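Numbers here are sequence positions counted from 1. The figures that follow rest on heavy atoms only: side chains count, while hydrogens, waters and symmetry mates do not. Just follow the structure's listing: the first ligand is 1, and inside any ligand the first atom is 1. Just so you know, these numbers come straight off a predicted model, no measurement behind them.
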Amino acid sequence: KTQTEQLRQLILQGRKEETPNLTRQLLAAKTPLEIVNEAFIPALDEVGQKFEAGSLFLPQLMQSAEAVKGAQEVLKDYTAAQGETASNQGRILLATVAGDIHDIGKNIVKMIMENYGFQVVDLGKDVPIERVVATIQKEDIKLVGLSALMTTTVQNMKATIKAVGDAGLECTFIVGGAVLNEDYREFVGADYYAKDALESVKYAQAFFE
Ligand code: B1M
């Protein structure tokens, strides 16, 4: 078995004590983004499918998420130590919308954006609409990335974007998250749909050019 396959298995089994170490070893051969794309995402997708099919339950889903979080910390430390990139590429606010506590994807986007020299104002998860509006105003934010993982919370994404407009603030919105697609982007009134972290970087670079 390859190490990548082993990491996938550890995540599936929710073995959170073991994922950081294996991730550290894998960094000798893979980039952080390769580890995300080849191990984290496929494993979490499989966990999500099994959860939906009822062959795996919430405690296991949580264990798998924990196993990824530990591994992600390793990637974060690694990229931070590498980070000699210019850090004035522009500023972006990131938030997982109200009602939604999924933040693994948002945190990956944050890590990669920082790695590319963007300054990230991270409001975290389950962020109240008023808090997004107030921060944009206070920090004079022009580019916003919103994450939503559930069909139910896509509504709050739309409401957040609308509230920013209603407050008379002009922002460009990039949206992402497992359930998002071009149709949802249009529905919520965002400017861009980013399918992953690198696409987010691409839109941010174009925005600040
Ligand atoms: Co939940 N969950 N979960 N979950 N969970 C999903 C989303 C689900 C699809 C699983 C399923 O049933 N198949 C389902 C939603 C169904 C739907 O609405 N269609 C679901 C559900 C139902 C729930 C609960 C309601 C379960 C319950 O309690 N009964 C509950 C929700 C609670 C709440 O939010 N109010 C819940 C809870 C959890 C955990 C806490 C256990 C855990 C989250 C831990 C955490 O994030 N801290 C969890 C997990 C892990 C998942 C799955 C398995 C994996 C999500 C993930 O992290 N993916 C997920 C199934 C799935 O997605 N396959 C599922 C990996 C991550 C890297 O991908 O977030 O898509 P993603 O991010 C990508 C891109 O989308 C993009 O870049 C990232 C990197 O490539 N991107 C952006 C994301 N955000 C962006 C923002 C940007 C740009 C790009 O802005 C610039």
Within 4.0 Å of atom 14 (C) of ligand 1 (strictly less), any protein heavy atom? no

Is atom 39 (C) of ligand 1 touching the protein, meaning some protein heavy atom lies under 4.0 Å away? no

With a heavy-atom distance limit of 4.0 Å, tell me whether [X] approaches ligand 1 through its side chain, its backbone, both, or neither.
{"X": "A197", "value": "backbone"}
{"X": "T153", "value": "neither"}
{"X": "N37", "value": "neither"}
{"X": "F40", "value": "neither"}
{"X": "K195", "value": "backbone"}

Show the atoms of ligand 1 that are less than 4.0 angstrom away from any heavy atom in [X].
{"X": "A65", "answer": "42 (C), 44 (C), 50 (C)"}
{"X": "D100", "answer": "34 (O)"}
{"X": "D45", "answer": "61 (C), 63 (N)"}
{"X": "G145", "answer": "90 (O), 91 (C)"}
{"X": "M62", "answer": "41 (C)"}
{"X": "V179", "answer": "19 (N)"}
{"X": "I101", "answer": "32 (C), 33 (C), 34 (O), 40 (C), 45 (C), 46 (O), 47 (N)"}

Any donor-acceptor pair under 3.5 Å linking the side-chain atoms of Q25 with those of Q3? yes

Is K158 positioned over the aromatic face of F187, cation under 6.0 angstrom from the ring centre and no more than 45 degrees off axis? yes

Apply side-chain contact (heavy atoms from CB on, under 4.5 Å) to the pair F118 and Q205, showing each step before the final yes or no. CA-CA 9 Å; F118 293 95; Q205 283 171 334; 3.7 Å; yes

